[in-house]
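What follows is a set of notes on a single structure, which appears directly below.
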Amino acid sequence: TQLLEQSPQFLSIQEGENLTVYCNSSSVFSSLQWYRQEPGEGPVLLVTVVTGGEVKKLKRLTFQFGDARKDSSLHITAAQPGDTGLYLCAGDETSGSRLTFGEGTQLTVNP
Amino acid sequence: DAGVIQSPRHEVTEMGQEVTLRCKPISGHDYLFWYRQTMMRGLELLIYFNNNVPIDDSGMPEDRFSAKMPNASFSTLKIQPSEPRDSAVYFCASSLAGGEEKLFFGSGTQLSVL
């Protein structure tokens with residue numbers, strides 16, 4: 001059973017479009033992170049959210065942590081080909097040291 | 001800092017052979033993690049260390065897998081004997097602390113067991 005469910009699994013869009021990817025769980029997380037991974041490389045942290053209802057913006061990327069701290073979303077405005085990659089959410093369930101990753105959303109932005 | 005360094009980048013071996021993957025974490029990071037990534041199962045935590053001590057190895061698939069961290073700047077993940085189902089990308093990551101602390105990943109080792 002996957003602790004963190006990400007949707008959609010695959011997303012292919014045209015440059016300039018907006019998109020949202022989701023990360024859902026039945027568990028409560030003390031914090032949640034979003035990573036982006038490019039082919040042949042390891043994931044790179046984009047943001048950490050820790051407070052229920054928190055919204056963080058990183059240029060064209062907007063991250064939201066659900067009020068109940070069970071879910072999160074990533075919204076990209078005016079997507080660019082450089083946004084192409086695998087987007088992973090990762091949750092820290094017990095405020096310990098163990099992060100659990102979702103399966104990821106593979107995003108392709110076509111020029 | 002050069003970041004987390006893993007070697008080799010690619011490893012092709014035959015079933016039954018021993019495989020050793022290596023990792024040098026970022027200096028000063030107290031936590032080191034080994035992950036495995038496959039299309040079917042995504043990114044799975046195998047084991048992590050705090051101050052060179054293994055804390056949680058519940059993700060290690062079976063006794064064929066072992067990991068060591070003899071000092072703060074080096075860790076190995078060994079598979080003996082290797083099997084085709086071990087084929088995956090193995091990542092090492094380090095962090096200053098646990099929990100919500102940022103993970104820094106290496107570039108991974110692409111392992112193919114024939």
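The figures here come from the full heavy-atom set of this structure, side chains too, leaving out hydrogens, waters and symmetry mates. Order of the sequence lines fixes the chain letters, A, B, ..., with proteins taken first and strands second; residue numbering starts at 1 for each chain.
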| task | Check whether Gln110(B) gets within reach of chain A through its side chain, its backbone, both or neither, counting any heavy atom under 4.5 Å. | result | neither
| query | Using the ring of each side chain (for Trp, its six-membered ring), is Trp34(A) parallel, tilted or perpendicular to Phe63(A), with breaks at 30° and 60°? | reply | tilted
| said: Using a 6.0 Å cut-off, check whether atom CG of Asn71(B) has over 12 heavy atoms from anything other than its own residue. | reply: yes
| Side-chain heavy-atom pair Thr48(A), Lys102(B) within 4.5 angstrom cut-off | no
| query | Checking Leu86(A) against chain B: side chain, backbone, both or neither under 4.5 Å from a heavy atom? | reply | side chain
| said: If I measure from the heavy atoms of chain A, does Ser58(B) come under 4.5 Å with its side chain, its backbone, both, or neither? | reply: side chain
| request: Assign the ring pair Phe101(A) / Tyr35(B) to parallel, tilted or perpendicular, where the plane angle (0 to 90°) is split at 30° and 60°. | output: perpendicular
